[in-house]
Amino acid sequence: MKAKLENNTVVGHNIKFEAKFLKHHFGITLRNVYDTMITEQIIQGGTQPYVGLKELVFKYCGIMLDKSEQRSFKMGAQLTESQQKYAIQDILYLPEIMRKQKAKIKLIDLQNTVDIEMKVIPAVAWLELSGINVDLKKLDEIKIKVLEQKNKAGKFLIQELTREQIEITPDTTQEKASEKPKTLTIIPNLNSPKSLLETLKAKGYDKLEGTGKQELGKYKGDELITNLILYRQAEKLLSGFIAGFYETQVKKDGKIEIKSPKYPHPITKRVHGEFNQYGALSGIFTSSKPNLQQQPSRYREWRQIYTAAPGNKIVACDLSQIELRIIGQHAKEPKYIQAYKANLDLHKETATQMFNVPLESVTKQQREIAKTINFGLNYGMGAQALKESLKINADIEVTLEEAQKLKQTFQRLYPHVTKYLNKAGEEEFQKGEIRTLAGRICKTRNPNKKEEDYKIKNKGKNLPVQGLCADILKIAMGNLFLILESREIKLINSVHDELVFECKVEKADEVPAIVKTEMEKAGNLFLKDLPCIAEVTIADYWNKE
DNA sequence: TGGGAACTAGAG
DNA sequence: CGCGCTCTAGTTCCCA
């Protein structure tokens, strides 16, 4: 049975689930699979985050399934007749669905995408089963620090923002008017944007139209605003990333109940996030419970909680500036191609030409401007957003006119890029879909919902780039699964352009080269005019750079 | 009370 | 005219 499952193509609906089950309970590793759910998502261009079997049976076989037995199964109990019937109908229609899907794939030329997606399924099962090791002591240290930051900033804010206001009574009859007016103490709720905005405006911050970081940038350097940003950062870390590791108290029917921590897993002691391989329109992965793709990295210390288990090392490898390289390839922009071929710093090259200064005298600030523009303008950023982005990301103030000029200079400097992006936007707008170089179809999520023209065009600029990035990473993941999984190496994270592995110290010499080679090989399938470079690091914890 | 919109912030 | 893109998740607020 084991050999049969491992050496043949196994068909299922959401087969990642079965793959994990078979591996965990029976040590069976599925390598060749066909998944009707993922295939349907491919056909639909990523517009549906989850497709049910019931829906497919109806679509392809014209039969309405009764799913009422789905939740009736009990551990250890003998199957009832109707449960058996249910179990059979769950697989009965799969061959017919597969046959009809395959015809459709051929018709709309999606075989390449299907190959990529099917090959990555076993790798995703591997990734989720591996989990990531976590240093709870380090986490405690960080928690104490962050709590301190929150309390300190919070105390300052409450002190500064609490205000007195004369109470306004709706009933203003003559008798009451003679009474002394009461004053009301208003303490703002720091977690409520509405309450905060009201309070800040009353305090004289009248330029604010919201309380987001971009708005707060209007008062950059102000002590109160600095504290608010520190408070927000701490609150975000605590509620979003730290809380899940600790038990929580929940009030229920007047009694206080203690809920156990969500992570790590009580038996494996590792964090097993979920990865949805077709969670986004572009085909990039999404992650949840917890979201391991959005773990803080600008707060440098955070990722040190993810460590190699004793006797192990962590090998992390990312595709260097992959999005810009993809744009360069799409646009066949000679300046991008030349810079990457010569292994130059593209941002610096951009700066030297934009500001018309020699390479060696490009300032850090000029490079930051070029970097912000390189990333932002490629997806349709306008002058206003550029102005604010420069202020927040690079601490650089420019006027709207200057931002407009910078944009123009950039577009004139890279005319091929500009032309390509406009063409891609137009294509998405006209056809409602656009393909990556690997053939993946990217549509707009809500074909029914009316979206502004410019938003659709911007998607057209962005989706083929992100989408090809996803194609490359998935190809590498699929191939690395076949090479590394059987050698007791764990895939512990996958973050858009980065793969993270954990292996025994003895293997830390050979694994990096294998990973680097496979990732570059995947990229070079599509980057024909400029090279794909992967950068690899070996460490005791997950550290970017 | 529960669902969902709005806002905010984390990542690439 | 000009409007960065793709996501997940937490909190607050509003409405049925």
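Numbered from 1 within each chain, the chains take letters A, B, ... in sequence-line order. Keep in mind that the numbers below use all heavy atoms, side chains included, and drop hydrogens, waters and symmetry copies.
- With 3.5 Å as the limit, one finds no donor-acceptor pair spanning the side chains of A:Tyr414 and A:Asn374.
- In this structure, NZ of A:Lys407 is placed 9 Å from C1' of C:dC3, rounded to the nearest angstrom.
- Residue A:Ser192 has a polar side-chain atom (N or O) positioned under 4.0 Å from OP1 or OP2 of C:dC13.
- A:Tyr278 has its OH atom 15 Å from the C1' atom of C:dC7, to the nearest Å.
- The residue A:Glu323 sits apart from the nucleic acid: no heavy atom pair falls under 4.0 Å.
- With C:dT11, B:dG12, C:dC5 as the candidates, the nucleotide lying closest to the side chain of A:Asn191 is C:dT11.
- Contact annotation for A:Ser282: no contact, since no heavy-atom pair falls under 4.0 Å across all strands.
- Comparing B:dG12, C:dT11, C:dA9 against the side chain of A:Gln466 picks out B:dG12 as the nearest.
- One interatomic measurement links the two molecules: CD of A:Glu274 to P of C:dA9, which rounds to 9 Å at whole-angstrom precision.
- Looking at heavy-atom distances under 4.0 Å, A:Lys457 makes no contact with the nucleic acid at all.
- Nucleic acid contact for A:Ser389: none, since no nucleic acid atom lies under 4.0 Å from a heavy atom of the residue.
- In the set C:dG4, C:dG10, C:dC5, the nucleotide with an atom closest to the side chain of A:Lys459 is C:dC5.
- Rounding to whole angstrom units, CG of residue A:Leu197 and P of C:dT12 are separated by 16 Å.
- In this structure, of C:dT8, C:dT11, B:dG12, it is C:dT8 that holds the atom nearest to the side chain of A:Ser288.
- With A:Phe481 as the aromatic partner, A:Lys119 does not meet the cation-pi criteria of under 6.0 angstrom to the ring centre and within 45 degrees of the ring axis.
- Taking atom CG on A:Leu190 and atom P on C:dT11, their separation rounds to 14 Å, with Å as the unit.
- With rounding to whole Å, A:Leu473 atom CG is found 19 Å from B:dA11 atom P.
- Judged by the 6.0 Å and 45° rule, A:Lys138 forms no cation-pi pair with A:Tyr306.
- Evaluated for a side-chain contact (heavy atoms from CB on, under 4.5 Å) with A:Glu426, the options A:Lys423, A:Glu428, A:Gln430 yield exactly one hit, A:Gln430.
- Residues passing the ring pair (Phe, Tyr, Trp, His ring centres under 6.0 Å) test with A:Tyr231, sequence neighbours excluded: none.
- When each of C:dT6, B:dG12, C:dT8 is scored by its nearest atom to the side-chain atoms of A:His496, the top-ranked nucleotide is B:dG12.
- Minimum atom distance to the side chain of A:Lys194 is reached by C:dC13, of the listed C:dC13, C:dT11, C:dT6.
- Under the 3.5 Å distance criterion, with hydrogens and angles disregarded, no donor-acceptor pair is assigned to the side chains of A:Glu349 and A:Gln353.
- Side-chain N/O atoms of A:Asn458 include none lying less than 4.0 angstrom from OP1 or OP2 on C:dC3.
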Quiz item: Does the pair A:His330 and A:Phe526 meet the rule for a ring-ring contact (aromatic ring centres under 6.0 Å, His included), with working shown?
Solution: CA-CA 10 Å; A:His330 277 138; A:Phe526 308 100; 9.8 Å; no

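- Atom CG of A:Asn462 is separated from atom C1' of B:dA11 by 14 Å (rounded to the nearest Å).
- Listed candidates were C:dG10, B:dG12, C:dT6. Nearest to the side chain of A:Lys262 is C:dG10.
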Self-check item: Nucleotide-resolved protein contact map, nucleotides 1-10 of chain B, B/S/- at heavy-atom distance under 4.0 Å
Solution: ------SSBB

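- Comparing C:dT6, C:dT8, B:dG12 by their closest approach to the side chain of A:Leu281 singles out C:dT6.
- Evaluated for a salt bridge (Lys or Arg N to Asp or Glu O under 4.0 Å) with A:Glu128, the options A:Lys490, A:Lys16, A:Arg270, A:Lys289 yield exactly one hit, A:Lys16.
- The NZ atom of A:Lys461 sits 16 Å away from the C1' atom of C:dT6 (whole-angstrom rounding).
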